Amino acid sequence: MDCLFCKIISGEIPSSKVYEDDMVYAFKDINPMAPVHILIVPKQHLSSMNDISAENSAVVAHIFEVAAKLAKEFGIDESGYRVVSNCGADAGQTVFHLHFHLLGGTKLKVEMC
Ligand code: 5GP
Ligand code: ZN
């Protein structure tokens, strides 16, 4: 499958990995929007939030567990952080492999839309 994040997970395309286990892969965003900007992705290819179902949703809980662990590791657990997943054109999704942005290290703008 011609998917950028599948290629990053397999190592075909290099990335700055910060965490990996059997279910997820986490790496630094190439174009950081905050001092800490990490992408956390399931190893299984799911195109977006639309692909989450009862069969695969355990990985989403695990991603949030990893986000909390990485927030501690990167020293933003006390100062605060945000976890975001963009789904589809109106949300600005550009890579169609489900991913969660972990953002922090600065006062984030409070803009929901
Ligand atoms: P989206 O806009 O789909 O929610 O987020 C995609 C994110 O992937 C963007 O923040 C973008 O900077 C990041 N990204 C795109 N290509 C690459 C890449 O080749 N390597 C890394 N590390 N991040 C990428
Ligand atoms: Zn993929």
Side-chain angles (χ1 to χ4, degrees):
M1 187 190 302
D2 193 23
C3 167
L4 175 64
F5 286 176
C6 281
K7 287 178 181 165
I8 284 178
I9 292 162
S10 72
E12 190 181 334
I13 291 176
S15 65
S16 299
K17 180 173 84 172
V18 297
Y19 178 82
E20 181 178 15
D21 63 27
D22 56 335
M23 289 172 93
V24 308
Y25 189 89
F27 55 104
K28 291 188 179 168
D29 196 291
I30 204 167
N31 182 26
M33 307 293 274
V36 177
H37 188 170
I38 292 166
L39 299 173
I40 310 171
V41 311
K43 284 191 169 174
Q44 179 190 7
H45 179 90
L46 302 170
S47 294
S48 75
M49 298 262 297
N50 286 337
D51 282 358
I52 297 170
S53 67
E55 284 70 45
N56 59 35
S57 63
V59 74
V60 179
H62 186 57
I63 282 171
F64 276 79
E65 194 186 325
V66 170
K69 175 188 141 57
L70 289 172
K72 279 194 192 74
E73 200 175 307
F74 282 81
I76 56 170
D77 54 324
E78 297 296 334
S79 51
Y81 59 94
R82 184 172 292 154
V83 178
V84 180
S85 186
N86 298 317
C87 180
D90 279 359
Q93 184 178 7
T94 58
V95 178
F96 284 81
H97 179 126
L98 177 65
H99 53 280
F100 291 78
H101 299 256
L102 169 63
L103 296 150
T106 189
K107 182 90 180 159
L108 300 168
K109 286 189 200 133
V110 182
E111 281 179 6
M112 286 297 170
C113 55

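Order of listing sets the numbers, starting from 1, for every ligand and every atom in it. Keep in mind it's a predicted model, so treat the numbers as computed, not measured. Side chains are part of it too, since the values below use all heavy atoms of this structure and drop only hydrogens, waters and symmetry mates.
- For atom 14 (N) of ligand 1, the candidate residues are Ile30, Val41, Val84; the nearest heavy-atom contact is made by Ile30.
- Residue contacts with ligand 1, taken as heavy atom pairs separated by less than 4.0 Å, do not involve Phe96 at all.
- Taking only nitrogen or oxygen atoms, main chain and side chain alike, Leu39 does not reach within less than 3.5 Å of ligand 1.
- Annotation for Met23: atom CE counts as buried by contact number, over 12 foreign heavy atoms lying within 6.0 Å.
- Considering Leu103, Asn86, Leu4, Asp29 only, the shortest heavy-atom separation from atom 10 (O) of ligand 1 involves Asp29.
- Contact annotation: for Lys28 versus ligand 1, heavy atoms closer than 4.0 Å belong to the backbone alone.
- The Zn ion (ligand 2) forms the vertex of an angle spanning SG of Cys6 and ND1 of His97; to the nearest 10 degrees it equals 110°.
- Within the 4.5 Å cutoff, no side-chain heavy atoms of Asp51 are placed close to those of Leu98.
- Put simply, part of Ile8 is less than 4.0 Å from ligand 1, judged by heavy atoms.
- Taking the six-membered ring where tryptophan is involved, the planes of His101 and His37 are tilted, since the angle between them lies from 30° to 60°.
- Within a 6.0 Å radius of CG in Asp90, no more than 12 heavy atoms belonging to other residues, nucleotides or ligands are found.
- In His45, the N, O or S atom that comes nearest to the Zn ion (ligand 2) is ND1.
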